Amino acid sequence: QVQLVESGGGLVQPGGSLRLSCVVSGNLFMLGSLDWHRQAPGKQREFVASITRFGNTYYAESVKGRFTISRDNPKKTVYLQVNNLQPEDTAIYYCVHGTGVWGQGTQVTVSS
């Protein structure tokens with residue numbers, strides 16, 4: 001059984017930064033990849049970034065160079081550092097475990 005709890009969202013101005021966190025409870029943290037997805041208002045959910053249990057990372061083209069995914073295995077936590085945020089990054093950001101379990105999401109709003 002896996003549960004994911006995200007935090008770190010908020011309201012930032014364009015060009016700002018945030019660090020999103022996702023704490024994974026249960027015994028399956030090391031048994032799968034961990035992804036971040038997002039859903040903007042009126043749009044479908046989309047993939048943002050992924051990190052495998054070996055530390056390999058993958059990013060959507062729209063966030064490459066601005067977002068960085070990382071994981072702290074002893075803390076069972078995955079992070080998403082989001083820099084140079086733009087209004088189009090406004091969305092609910094979800095953490096997703098490789099078993100298909102989703103967190104409840106954390107809201108990121110980019111506005112001046």
Side-chain angles (χ1 to χ4, degrees):
Q1 183 177 357
V2 176
Q3 289 186 323
L4 301 92
V5 178
E6 302 98 329
S7 62
L11 172 63
V12 295
Q13 293 185 341
S17 298
L18 289 170
R19 188 174 81 156
L20 309 183
S21 300
C22 173
V23 178
V24 183
S25 63
N27 298 321
L28 301 180
F29 179 78
M30 288 301 296
L31 296 184
S33 62
L34 287 158
D35 297 356
W36 286 94
H37 292 241
R38 67 185 180 185
Q39 186 168 22
K43 295 186 177 181
Q44 292 187 334
R45 288 181 181 178
E46 64 175 357
F47 168 79
V48 174
S50 179
I51 185 165
T52 70
R53 60 194 181 109
F54 303 111
N56 298 316
T57 58
Y58 305 90
Y59 297 94
E61 285 297 323
S62 60
V63 306
K64 278 185 179 178
R66 299 189 299 125
F67 291 11
T68 303
I69 190 171
S70 61
R71 62 192 292 164
D72 185 330
N73 293 334
K75 293 184 178 179
K76 293 186 177 180
T77 301
V78 61
Y79 302 99
L80 186 69
Q81 178 68 40
V82 295
N83 297 328
N84 191 22
L85 284 162
Q86 301 301 315
E88 54 266 32
D89 296 314
T90 294
I92 300 174
Y93 284 71
Y94 297 92
C95 180
V96 187
H97 189 265
T99 56
V101 177
W102 289 63
Q104 85 289 348
T106 186
Q107 175 72 49
V108 172
T109 302
V110 185
S111 176
S112 56

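Predicted, not measured: the structure shown is a model, and the values here were computed from it.
For the side chain to side chain contact (heavy atoms under 4.5 Å, CB included) with Arg71, the qualifying choice from Thr57, Val24, Ile51 is Ile51, the only one to do so.
Within the structure, salt bridge (Lys or Arg N to Asp or Glu O under 4.0 Å) contacts touching residues 60-69 (residues at least two apart or in different chains) are Glu61-Lys64, Arg66-Asp89. The ring-ring contact (aromatic ring centres under 6.0 Å, His included) analysis of residues 53-83, with sequence neighbours excluded, yields no pairs.
Within the 6.0 Å centre-distance limit, the rings of Trp102 and Tyr94 are counted as a close aromatic pair.
Atom CZ of Arg38 is separated from atom CD of Gln107 by 12.0 Å, given to the nearest 0.5 angstrom. Interatomic distance, CG of Asn83 versus CG of Leu18, reported as 9.0 Å (0.5 Å rounding). Note that the CG atom of Leu11 and the CG atom of Leu85 stand 11.0 Å from one another [nearest 0.5 Å]. Interatomic distance, Arg45 CZ to His37 NE2, rounded to the nearest 0.5 Å: 9.5 Å. With rounding to the nearest 0.5 Å, the separation of SG in Cys95 from CG in Asp35 is 8.0 Å.
Atom CG of Asn56 has more than 12 heavy atoms from other residues, nucleotides or ligands within 6.0 Å. The number of heavy-atom neighbours closer than 6.0 Å to CD of Gln13, taken from other residues, nucleotides and ligands shown, is 12 or below.
Heavy atoms only, all atoms of each residue included: Gly15 and Gln86 are closest at N-NE2, 4.1 Å. Of all heavy-atom pairs spanning Gly26 and Lys76, the tightest one is O-NZ, 2.8 Å.
Neither Val23 nor Val78 shares a network with the other; the hydrophobic side chains, linked directly or stepwise wherever heavy atoms of I, L, V, M, F, W or Y lie under 4.5 Å apart, form separate groups for each. Taken together through direct or relayed side-chain contacts under 4.5 Å among Ile, Leu, Val, Met, Phe, Trp and Tyr, Leu4 and Phe47 form parts of separate hydrophobic clusters. Following chains of ILVMFWY side-chain contacts shorter than 4.5 Å, one can reach Val96 starting from Ile92, so the two form part of one hydrophobic cluster.
For Thr99, the side-chain hydrogen bond (donor to acceptor under 3.5 Å, both in side chains) partners are His97, not counting sequence neighbours. Remark: Gln3 pairs with no residue by the side-chain hydrogen bond (donor to acceptor under 3.5 Å, both in side chains) rule, at least two apart or across chains. Applying the side-chain hydrogen bond (donor to acceptor under 3.5 Å, both in side chains) criterion to Asp72, with sequence neighbours excluded, gives no partner residue. With sequence neighbours excluded, no residue satisfies side-chain hydrogen bond (donor to acceptor under 3.5 Å, both in side chains) with Ser7.
A donor-acceptor pair is defined here as one N or O able to donate and one able to accept, closer than 3.5 Å; such a pair exists between the side chain of Thr90 and the backbone of Val110. Looking at Glu6, its side chain does come within 3.5 Å of a backbone N or O of Gln104 through a donor-acceptor pair.
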If you apply the rule side-chain contact (heavy atoms from CB on, under 4.5 Å), what do you find for Ser50 with Trp36, and how did you get there?
CA-CA 6 Å; Ser50 179; Trp36 286 94; over 6 Å; no
Check step by step if side-chain contact (heavy atoms from CB on, under 4.5 Å) holds for Val48 and Leu80.
CA-CA 10 Å; Val48 174; Leu80 186 69; 4.2 Å; yes
